[in-house]
Amino acid sequence: MIQNTPWLFLLLPLVVAAINWLCFKKCACMAATLSILSALATFGMCVAYLMGWQTGTPDTYTWMPALTEGMPSLSVGLLMDPLAMRMMLVVTGIGLLVHIFSLGYMKGDTSNHARYFTGLSIFMFSMTAIVLADNLAMTFIGWEMVGFSSYLLIGHWFEKASAADAAKKAFITNRVGDFGFLIGILLTLTVFGTISFGEMGGKAAAIAPAVLTATIICLFCGAVGKSAQFPLHVWLPDAMEGPTPVSALIHAATMVAAGVYMLVRLQVSMGEAAFTDTACTVIATVGAITAVLAALMAVQQDDIKRVLAYSTLSQLGYMVMAVGLMAGEAAMFHLYTHAWFKALLFLGAGAIIARCHHEQDIWKMGGLTKRMPLTVICFLMGTCALIAIPGFSGFFSKEAILDAALAKNPTFFWVGAGVAALTTFYMARLCLVAFCGEARAHGAAEAKEAGPTMLLPLLLLAVMAIISGYGFVADALVPFEGFHAHGFALGLPFYVSMGSLVLGLLLAYLVYGLGKRKQDPLAGNALSTALRKRLYIDEFYDKGLIALIQGNAARVVEFIDNAGIRGILTLGGAWLIGKIGKLLTWFQGGVLRRYAVVAALGALLFLLLIASATFTH
């Protein structure tokens with residue numbers, strides 16, 4: 001019993017979600033309390049485990065026994081290694097802060113708070129299933145549950161059409177990647193003979209490189225969907241329609257990082273030999289393309305949450321690129337630091353939105369430094385970490401990725417440097433426009449400091465945004481076994497990184513000054529319009545692929561339905577039966593002459609049959 005205590009990581013949030021929905025659907029206060037206590041308990045258990053409190057290996061349970069001899073059975077078990085438990089610290093720590101922040105953010109909201117906190121608990125269960133899964137089947141279950149909980153939370157304000165559409169878009173887009181992921185799992189079972197992470201090691205050497213490449217790329221499809229990589233990145237910006245704490249929890253720190261975590265888990269379990277050069281090139285290229293495109297789109301976004309959403313896409317591209325360069329250690333380091341400072345930025349944006357009467361356009365803000373000083377300072381701490389100012393956590397993790405890129409493929413190094421300059425530019429633009437100058441709308445003019453339930457998580461995350469990159473913290477908490485933090489090191493990566501930082505800051509100041517402009521001076525030209533419209537990629541999907549494929553498929557189905565099913569089978573059958581019925585009514589119409597004719601014909605037929613039989617004999 002005691003050794004199975006770790007199963008509480010999974011069962012506690014699931015049981016709380018069930019209790020909230022079944023018993024406290026109309027009691028928001030109780031639902032919120034239970035969800036927060038659940039998050040606090042799992043975080044406390046995680047800290048205790050990392051400090052040495054362990055209960056042995058939790059039991060593994062058979063889910064589906066082997067159908068035939070030689071076939072593996074499917075089990076449900078927990079993998080409690082340092083990679084998993086340190087990732088759990090990120091999930092439970094940020095999850096707890098988001099739960100607390102939600103108390104202040106959702107105050108006064110008229111939606112069903114019990115449903116909201118139930119969704120948070122379902123998400124915590126789902127994410128835990130991914131992190132602690134000891135095999136790909138259990139990972140896939142958590143993978144799909146995360147998609148379901150994301151659908152619930154993005155569409156929390158489902159009365160609003162844009163939120164309902166965003167939830168459907170996220171759910172459907174992820175299904176595309178998950179289809180490839182499922183094929184990858186089946187290929188893994190076929191070629192490795194197992195889907196258990198503990199049994200994959202050492203088997204890659206005996207498998208043909210082409211088969212390994214196909215397997216890894218199919219598994220990577222899952223990461224492309226969940227971590228919103230090009231070309232399946234389109235769902236993440238629209239997912240900002242959900243409550244801002246949801247954006248912090250799902251779309252900044254945990255859910256979107258699941259793809260990166262899964263890839264690193266596979267590298268650790270299968271061994272680096274399983275990741276062929278072709279597969280690594282595909283992964284790194286997709287990550288680099290995503291990083292560049294998302295950074296470009298962020299340059300001309302006016303919605304504060306969308307700027308951060310595209311920033312998340314870009315940073316995830318960094319991580320995926322590092323995985324493709326076989327620098328999983330650097331990828332997990334950046335995942336860890338990014339989780340804290342991006343959660344800080346999203347929650348900071350949430351506090352600003354809430355205090356500006358739910359205004360999200362940065363050009364309708366301004367002067368917030370005077371009205372919300374603590375919130376702005378916390379947001380600036382997150383910004384400093386994101387743009388990699390030396391001394392902040394993001395500097396150390398980004399330098400680790402740039403170092404790995406320079407050592408393994410200089411092309412990706414220069415891509416990373418260019419993205420760093422764009423990151424600095426669009427974040428400086430956001431801060432100058434939203435925080436400096438004078439208020440441009442009544443929401444900003446009436447803004448005031450956030451309440452304690454919102455400020456406390458911001459302050460704690462601000463501390464982590466500063467210290468989480470230093471060795472005395474990172475070496476113990478980064479989700480990678482045997483990790484050692486990247487320190488200050490003079491060299492080409494450092495000088496290029498500083499050049500990108502200075503260039504981005506200088507350009508932002510030259511274009512936007514100190515926030516006194518009333519509108520964006522870069523807006524109005526063809527390039528700006530293209531960036532604001534997401535480089536027309538969404539439009540291409542909507543009016544091109546979806547309209548072309550779905551529209552034509554619908555026409556084919558309509559033709560089959562009208563001509564085949566409705567025309568031939570339904571109406572044709574009815575026509576035939578009607579004609580047969582009319583024919584039979586001629587015989588049964590009550591007219592004696594017809595009866596006499598039928599009787600005569602019958603008698604004649606009878607006589608002919610007798611004559612035929614006689615003649616034959």
Side-chain angles (χ1 to χ4, degrees), residues 1-20 34-64 73-99 118 120-146 149 194-201 249 253-255 257-258 261-262 264-266 268-269 332 335-336 339 476-483:
M1 181 65 182
I2 296 297
Q3 79 172 29
N4 282 314
T5 302
W7 281 100
L8 287 175
F9 281 113
L10 268 176
L11 296 179
L12 195 57
L14 181 62
V15 169
V16 165
I19 292 173
N20 281 348
L34 284 178
S35 289
I36 291 173
L37 289 177
S38 169
L40 179 62
T42 52
F43 176 71
M45 287 168 55
C46 187
V47 171
Y49 194 96
L50 290 172
M51 292 179 65
W53 177 78
Q54 299 181 18
T55 58
T57 304
D59 291 335
T60 298
Y61 301 96
T62 300
W63 174 33
M64 291 178 61
S73 61
L74 296 181
S75 61
V76 176
L78 303 181
L79 184 58
M80 311 287 288
D81 66 353
L83 177 61
M85 292 313 299
R86 290 171 181 175
M87 185 67 185
M88 277 301 297
L89 183 73
V90 175
V91 174
T92 57
I94 292 177
L96 174 60
L97 294 177
V98 166
H99 277 73
T118 299
L120 289 182
S121 293
I122 294 174
F123 174 81
M124 294 296 286
F125 158 75
S126 308
M127 194 66 204
T128 301
I130 292 176
V131 175
L132 297 184
D134 71 344
N135 62 76
L136 280 170
M138 185 173 172
T139 299
F140 190 73
I141 294 171
W143 206 263
E144 296 306 300
M145 284 299 298
V146 160
S149 55
T194 181
I195 52 174
S196 173
F197 295 128
E199 299 173 1
M200 294 179 181
L249 178 64
T254 54
M255 172 184 164
Y261 173 79
M262 182 268 290
V264 175
R265 168 62 73 193
L266 291 174
V268 171
S269 302
M332 293 306 288
L335 182 155
Y336 162 75
L477 301 181
V478 166
F480 204 91
E481 189 172 3
F483 172 81

Out of curiosity, [X] [atom1] to [Y] [atom2], how far, rounded to the nearest 0.5 Å?
X    : Y    : atom1 : atom2 : result
M145 : L14  : CE    : CG    : 7.0 Å
L50  : M88  : CG    : CE    : 10.0 Å
L12  : L34  : CG    : CG    : 9.5 Å
H99  : L97  : NE2   : CG    : 11.0 Å
L79  : F197 : CG    : CZ    : 7.5 Å

Which residue, L78, I130, I195, forms the side-chain contact (heavy atoms from CB on, under 4.5 Å) with M138?
-> L78
Do the side chains of [Y] and [X] get nearer than 4.5 Å, heavy atoms only?
X    : Y    : answer
V47  : L89  : yes
M332 : R86  : no
M87  : L132 : no
F9   : M80  : yes
V98  : F123 : no
T128 : T42  : no
V76  : W7   : yes
R265 : D81  : yes

Determine the minimum heavy-atom distance between [X] and [Y], stating which atoms define it.
X    : Y    : value
G95  : L249 : CA-CD1, 3.7 Å
P479 : L83  : O-CD1, 2.6 Å
V131 : Y261 : O-OH, 2.8 Å
A129 : G142 : CB-CA, 3.8 Å
Y336 : V478 : CD2-CG2, 3.4 Å

Got a donor-acceptor contact below 3.5 angstrom from the N135 side chain to the S75 backbone?
-> yes
L266 backbone acceptor or donor facing S269 side chain under 3.5 Å | no
For N20 and S35, test the side chains for any donor-to-acceptor distance below 3.5 angstrom and give the result as yes or no.
-> yes
Could you please spell out the steps behind the side-chain contact (heavy atoms from CB on, under 4.5 Å) verdict for W143 and M262?
-> CA-CA 10 Å; W143 206 263; M262 182 268 290; 3.9 Å; yes
Steps toward side-chain contact (heavy atoms from CB on, under 4.5 Å) verdict (F125, V15) = CA-CA 9 Å; F125 158 75; V15 169; over 6 Å; no
